[in-house]
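Computed from heavy atoms alone, side chains included, the values below leave out hydrogens, waters and symmetry copies. Owing to the predicted nature of the structure, the values given are computational and were not obtained by experimental measurement.
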Amino acid sequence: MLLAIDTSAGTSVAVVDRDGGILAEVTEPDTMRHAEVIGDLIAAALDASGTRPDALSGVVAGMGPGPFTGLRVGIAAATAFAFGAGRPLVPVVSHDAVAYERYLAGHAGPLLVVTDARRRERYWTAYAGVDEHGLPVRLDGPGLDKPDALPHPDLPREEAATVSAGLLGMIAELRFAAGLPFDRDEPLYLRSPDVTLSAGPKRVSA
């Protein structure tokens, strides 16, 4: 079983099992309350699924793309929980869960997943379809652009307001079962931070 956490859009926490599927999933769609709700949602997902932390095999972290402030809350929570439980951290690109949901619903072929990046910008990832395991295959991205400059305008577009931690966890389960690699343990902020390091002490004039 895996605990899965994603805060790239709202906040979603789930417990999944390869054979049992999504055992529990709780979501807060508010994109401004990640830090306030993450602890309660983790507890609620574990309680609803009847899962003890020592029964988990790992912790899945949605790596974005997502705004810095929200995304780091989920990654930090997943990393801390994995460390405390003595379990591995499993990174997965968040947009893969959106694409996977669309493919499960019957979509076939290429797809462009788009989520809000704030500041009048959008995150995007293009997919070619699914592989032999039914997992989304990335064609291009993730990237960041203005809405009128998004690439691949010919592809069907899926604009998502939330990301399912349950489906993120199931992607991890399927990749593990198929012996496929996981994503890099690197947050996909795709935007330079607002705060920069000082260039040195400033001179003071009389």
Side-chain angles (χ1 to χ4, degrees), residues 1-17 22-98 100-101 113-125 142 144 158-172 183-196:
M1 286 189 294
L2 298 173
L3 175 70
I5 299 172
D6 189 274
T7 54
S8 62
T11 304
S12 182
V13 180
V15 176
V16 304
D17 177 77
I22 301 173
L23 304 181
E25 183 169 17
V26 285
T27 301
E28 169 54 67
D30 192 328
T31 59
M32 304 299 289
R33 300 183 64 238
H34 302 96
E36 290 87 348
V37 303
I38 188 67
D40 289 340
L41 294 189
I42 290 173
L46 291 171
D47 183 64
S49 64
T51 304
R52 291 169 51 90
D54 58 9
L56 296 169
S57 300
V59 182
V60 179
M63 305 308 288
F68 179 82
T69 302
L71 186 59
R72 66 177 176 171
V73 171
I75 295 174
T79 301
F81 196 99
F83 178 80
R87 298 294 187 266
L89 181 73
V90 182
V92 179
V93 171
S94 301
H95 277 183
D96 285 5
V98 179
Y100 185 49
E101 184 171 22
V113 170
V114 178
T115 54
D116 186 14
R118 301 178 190 170
R119 302 185 189 177
R120 300 179 182 178
E121 292 181 314
R122 299 290 185 271
Y123 294 118
W124 59 268
T125 307
L144 173 70
E158 177 70 14
E159 300 206 23
T162 59
V163 173
S164 167
L167 294 179
L168 203 72
M170 292 308 299
I171 288 172
D183 294 311
R184 296 174 60 186
D185 186 4
E186 182 177 310
L188 296 170
Y189 299 126
L190 305 186
R191 181 187 283 142
S192 299
D194 292 331
V195 178
T196 57

Novice: When you look at T115 and E159, which way does the side chain to side chain donor-acceptor pair (under 3.5 Å) test go after all the steps?
Specialist: CA-CA 6 Å; T115 54; E159 300 206 23; over 6 Å; no

Novice: Which residue, L46, I5, V26, T7, forms the side-chain contact (heavy atoms from CB on, under 4.5 Å) with L41?
Specialist: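 When L46, I5, V26, T7 are each tested with L41, the side-chain contact (heavy atoms from CB on, under 4.5 Å) holds only for V26.
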
Novice: Between R191 and A117, what is the shortest heavy-atom contact and its length?
Specialist: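 Taking R191 first and A117 second, the nearest heavy atoms are NH2-O, 3.0 Å.
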
Novice: Yes or no on side-chain contact (heavy atoms from CB on, under 4.5 Å) for M170 and I22, after CA distance, side-chain angles and deciding distance?
Specialist: CA-CA 7 Å; M170 292 308 299; I22 301 173; 4.1 Å; yes

Novice: Please round to the nearest 0.5 Å and tell me the distance separating atom CG of D96 and atom CG of D183.
Specialist: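 Reported to 0.5 Å precision, the distance equals 6.0 Å.
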
Novice: Do P187 and F68 have side-chain heavy atoms sitting under 4.5 Å apart?
Specialist: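 P187 does not reach F68 side chain to side chain.
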
Novice: Between D185 and L89, is any pair of side-chain heavy atoms under 4.5 Å apart?
Specialist: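 Yes, their side chains come closer than 4.5 Å.
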
Novice: Is there a side-chain contact between L144 and P65 in this structure, where contact means two heavy atoms from C-beta onward sitting under 4.5 Å apart?
Specialist: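 L144 vs P65: side chains apart.
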
Novice: Give the minimum heavy-atom separation between Y123 and Y189, together with the two atoms involved.
Specialist: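 Closest approach of Y123 to Y189, heavy atoms only: OH-O, 3.2 Å.
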
Novice: Would S164 and E101 satisfy side chain to side chain donor-acceptor pair (under 3.5 Å), going step by step from the backbone distance to the final call?
Specialist: CA-CA 8 Å; S164 167; E101 184 171 22; 5.9 Å; no

Novice: Report yes or no: does R87 contribute a side-chain atom to a donor-acceptor pair with the main-chain N or O of D54 at less than 3.5 Å?
Specialist: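 Answer holds: yes.
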
Novice: Does V16 reach the side chain of M1, with side-chain heavy atoms less than 4.5 Å apart?
Specialist: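 No, side chains not in contact.
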
Novice: Ignoring hydrogens, what is the shortest heavy-atom contact between V93 and G64? Give both atom names and the distance.
Specialist: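 Minimum heavy-atom contact is CG1-O, 3.4 Å.
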
Novice: Looking at every non-hydrogen atom in both residues, tell me the closest pair between L71 and M63 and how far apart they are.
Specialist: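 Shortest heavy-atom separation between L71 and M63 comes out as CD2-O, 3.5 Å.
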
Novice: Considering only heavy atoms from C-beta outward, does the side chain of L56 approach that of T51 to under 4.5 Å?
Specialist: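 Yes; the side chains approach each other to less than 4.5 Å.
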
Novice: So do E25 and V13 actually touch side chain to side chain, heavy atoms under 4.5 Å?
Specialist: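 A side-chain contact under 4.5 Å is absent here.
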
Novice: Which heavy atom of A97 sits nearest to which heavy atom of V163, and what is that distance?
Specialist: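 Where A97 meets V163 most closely, the heavy atoms are CB-CG1, 3.9 Å.
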
Novice: Would you please test D6 and S94 for side chain to side chain donor-acceptor pair (under 3.5 Å) and show each step?
Specialist: CA-CA 7 Å; D6 189 274; S94 301; 2.5 Å; yes

Novice: With a 4.5 Å heavy-atom cut-off, do H34 and I38 have their side chains touching?
Specialist: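 The answer is no; the side chains never approach within 4.5 Å.
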
Novice: Please find the pair of heavy atoms, one from A9 and one from A161, that lie closest to each other, and give the distance.
Specialist: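 Heavy atoms only, the tightest pair is CB-O, 3.3 Å.
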
Novice: Set out, in order, the CA-CA distance, both residues' side-chain angles and the distance that settles side-chain contact (heavy atoms from CB on, under 4.5 Å) for V98 and E158, then state yes or no.
Specialist: CA-CA 8 Å; V98 179; E158 177 70 14; 3.8 Å; yes

Novice: Hey, mind stepping through E121 and D116 against side-chain contact (heavy atoms from CB on, under 4.5 Å) and telling me if it holds?
Specialist: CA-CA 7 Å; E121 292 181 314; D116 186 14; over 6 Å; no

Novice: Does some side-chain heavy atom of L3 sit less than 4.5 Å from a side-chain heavy atom of I42?
Specialist: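 In contact.
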
Novice: Measuring from D40:CG to D47:CG, what's the distance to the nearest 0.5 Å?
Specialist: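 That separation rounds to 11.5 Å.
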
Novice: Within this structure, what is the OG1-CE distance for the pair T69 and M32, rounded to the nearest 0.5 Å?
Specialist: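 Rounded to the nearest 0.5 Å, the OG1-CE separation comes out at 8.0 Å.
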
